[in-house]
Every structure is written in C-alpha cells, then in structure tokens.
Amino acid sequence: MSTPEIVIPASLLPADGRFGCGPSKVRPEAVAALASVGQSWLGTSHRQRPVLDAVGRLRAGLRDLFGLPEGYEVILGNGGSTVFWDVATFGLIERRSQHCVFGEFSSKFAAAAKEAPHLEDPEIVRSEPGTRPDPVANDAVDLYALTHNETSTGVMMPVARPRHADGRVVSGLVAVDATSGGGALPVDPADFDAYYFAPQKVFASDGGLWIALLSPAAVERVGAIKASGRWQPASLDLSIALDNSRKDQTYNTPALATIFLMNEQIGWLLGNGGLAWAADRSAGSARIVYSWAKASDYATPFVTDPAHRSNVVATIDLDERVDAQVVSKVLRANGIVDTDAYRKLGRNQLRIGLFPAIEPSDVEAFTRSVDYVVAALS
Ligand SMILES: *Cc1c(COP(=O)(O)O)cnc(C)c1O
C-alpha cells in the first residue's frame with residue numbers, strides 16, 4: 001500500500017523529528033563537538049592518553065551522575081546490552097537466576113541464562129505485556145534480573161531489593177537492565193549490584209558498548225566465579241573487563257565516536273542538574289503524551305496502570321479506525337521517524353522515546369502532528 005500524501009504544516013512539526021527508542025536522537029551540539037575534534041580524536045590510538053582520559057572521564061561522569069558510593073565500580077566493554085546478558089551468564093550468575101519477564105528484552109536475558117549449560121534453569125516470574133511482575137524472594141536464587149524500563153512495551157519498574165515475607169532483604173545480587181531507563185529514571189545505588197546499559201538511548205550516542213555499575217558484592221562475585229575456574233570466553237570475561245576498566249580502557253578496540261558522544265551527553269546531563277533533572281524532564285514529556293492520549297478520542301495509553309507507564313518510552317494504542325502503521329509512514333514522510341510499535345508486540349500502536357535529549361516542546365509538536373495526520377486520514 002502506498003503512503004497517503006499528507007503534508008504536515010511546518011508550524012505543527014517538531015524541530016527535531018527523531019523519536020526512536022534506540023538508536024535515539026543524538027544532540028546536534030554533540031555531533032558538532034565531535035566534528036570539531038575530527039582530526040585530533042577520530043583515528044587515534046585507544047591505548048594513548050587522550051582516549052584513556054576520555055574513558056576515565058566517562059567513568060567519573062557516571063559515578064557522579066548516579067552518586068555511586070565508595071567501592072562501586074564503573075566498567076565497560078564492547079557489544080552492547082545484549083552482550084552483557086552473555087557476560088552476566090558467565091560472570092555474575094553463580095548457579096540460578098530469577099528473571100522478571102514482561103516483554104522482549106527481559107525475556108532475552110532469561111533465554112540466555114536458560115541455555116547456559118553451566119547454570120541451573122532460571123526461575124521465571126512473568127506478566128502480560130503492558131504490565132509488570134514483582135520479583136519473588138527465593139533463597140535458591142543468587143541473582144535477580146530486573147528491567148528498569150521494558151522498551152518493547154513501555155512499562156517501567158522501580159528498582160528495589162526483593163524482600164522475604166518477614167522483611168529480610170534477599171541475599172542474591174540484583175542485576176538491572178537499565179538500557180533505556182538508566183540516566184532518566186530515579187535509582188538509588190544501594191538498591192542494585194549491577195546496573196547496566198548501552199549508549200544509544202538516554203546517553204544519546206551510538207550503540208556498541210555495554211556499561212555496568214557494579215556494587216562491591218558484584219565485584220566480589222566476579223572474583224569468586226573467576227577463582228572457581230569456570231571457563232569464560234575472554235571477550236565475555238567480567239574479571240578481564242574489570243581489570244581493563246580500572247585502567248580506563250576496554251579489552252579490545254572501542255568505537256571512539258561512541259565514547260566521545262556519550263561523554264558529551266553525560267556532561268550535558270550533569271551541567272543541567274544531573275539525574276534528578278533528567279528524570280524530571282522525561283517525566284514532563286511523559287505527562288504531555290499520556291494526557292494527550294487520554295484526552296484524544298482515538299488514542300489510549302497501552303499501559304493501563306498509570307504508575308507502570310514509562311517516563312522514557314510511551315506506547316499509545318490507536319483505535320481500529322486508524323491504522324498506526326499508516327500514521328507512522330506518513331509521519332516518516334514528514335521527517336518524524338521511528339514511531340512504530342515494537343514489531344513483535346503486534347499492536348495497532350505508536351511508540352516514542354521520551355529521553356532527555358528530546359525536547360518536551362517537540363513531544364508536544366509530535367502530538368499535534370499525529371492529530372493532524374489522523375484528521376487528514378479520516
Ligand atoms: C535496547 C535495549 C536492549 C538492547 O541493547 P543493545 O545495545 O542493542 O544490545 C536491551 N535491553 C533493553 C531494556 C533495551 O531497551
């Protein structure tokens with residue numbers, strides 16, 4: 001089917017049309033800064049001072065942004081969050097993990113743990129897409145896998161250590177996939193042992209790296225698994241990543257542009273007021289979208305419980321009179337891109353990123369543009 005020819009008036013359009021949930025909008029100022037160091041930075045050795053210093057800045061900046069206590073470590077490696085699931089399967093899960101599964105991303109880490117021959121089958125706590133499950137205290141579990149924001153469905157989850165019925169905190173580690181929430185959702189480092197993410201969402205850079213904030217208990221676990229003699233491929237070995245990170249480097253060559261752009265974004269977030277500011281800004285954008293959808297006669301927030309609705313990824317169902325795929329195509333033809341629902345969710349839905357880099361005024365303009373398209377289609 002061809003895309004209907006609808007031209008959204010320029011006065012309604014957002015200044016920047018990038019609403020994807022990853023890769024997501026990279027601020028033009030950061031790209032300009034990268035261009036200005038093009039000849040002194042790109043194409044230089046990652047084992048020399050300028051790059052080591054930038055990795056050091058990235059680690060210190062994240063320590064600052066998340067308010068990490070003494071003893072917590074910022075480590076990084078190549079491969080993105082998906083690779084970190086394999087890394088954790090080798091180097092963080094001792095015998096058995098528990099996974100809160102409520103969408104595509106959370107299910108993938110569970111699948112990685114299930115396939116690992118050296119681990120017992122994980123315990124899965126599942127809930128329907130659009131809702132979220134709660135972890136269940138279990139002494140047989142040594143790692144609880146939570147997801148701060150399930151990007152496929154637009155459901156967020158508070159980060160908290162699970163407790164037994166008598167109030168005792170569990171002894172297992174808490175590992176949080178914060179790929180789309182980290183840096184824009186509030187979190188207290190006391191509540192996690194591993195908080196990991198990649199640069200292409202809140203950190204407004206390119207993909208390809210994983211970054212993990214590890215508590216002293218997680219660092220201890222890494223050492224204990226290494227000492228046990230478990231075989232781990234070197235590129236997935238957390239103890240090797242830890243050694244390299246402490247020297248402000250990665251085990252193998254990282255993408256220098258990715259590190260540079262991520263540093264620009266960390267600096268921008270810190271300069272504006274840090275995590276609290278970023279969380280506020282995304283929450284404000286979320287209010288704009290959800291209140292627009294609630295007031296609309298054709299759009300509804302997919303997530304029914306308002307407390308579970310994500311502040312970083314909004315999922316908006318359209319009623320059957322409006323084809324969301326056609327709306328997304330028309331938006332794309334007008335420069336508003338990546339508003340499609342997560343493909344496997346299979347809903348008549350728009351999904352947009354509300355990351356701090358995206359201007360709240362552009363989120364407002366997005367809603368006006370959708371109203372215009374839907375009116376023109378009907
Ligand atoms: C995007 C995303 C991932 C995958 O990240 P990659 O860097 O592409 O591996 C994993 N988990 C969540 C929650 C995500 O949003």
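Just so you know, ligand 1 is whichever comes first in the structure, and atom 1 is the first atom listed for that ligand. Side-chain atoms are counted along with the backbone in the values below, which use heavy atoms only and exclude waters and symmetry mates. Since this is a predicted model, take the numbers as computed values, not measurements.
The two residues Cys21 and Ile352 have their closest heavy-atom pair at SG-C, 3.7 Å.
Applying the side-chain contact (heavy atoms from CB on, under 4.5 Å) rule to Ala190 yields the partners Asp188; only residues at least two apart in sequence or on another chain are considered. The side-chain hydrogen bond (donor to acceptor under 3.5 Å, both in side chains) search around Arg351 returns none, not counting sequence neighbours.
Within the structure, the ring-ring contact (aromatic ring centres under 6.0 Å, His included) test picks out the following pairs touching residues 200-231 (sequence neighbours left out): Phe84-Trp210, Phe90-Trp231, Phe197-Phe203.
Side-chain contact check for Asp53 versus Asp248: every heavy-atom pair is 4.5 Å or farther apart.
Sorted by chain then number, the residues whose non-hydrogen atoms approach ligand 1 to under 4.0 Å are Gly80, Ser81, Thr82, Trp85, Phe105, Asn149, Thr151, Asp177, Thr179, Ser180, Ala198, Gln200, Lys201.
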Q. Which is it for Glu359 and Arg281 under the salt bridge (charged side-chain N to carboxylate O under 4.0 Å, His left out) test, yes or no, and what are the steps along the way?
A. CA-CA 9 Å; Glu359 292 295 331; Arg281 185 163 153 103; 3.3 Å; yes
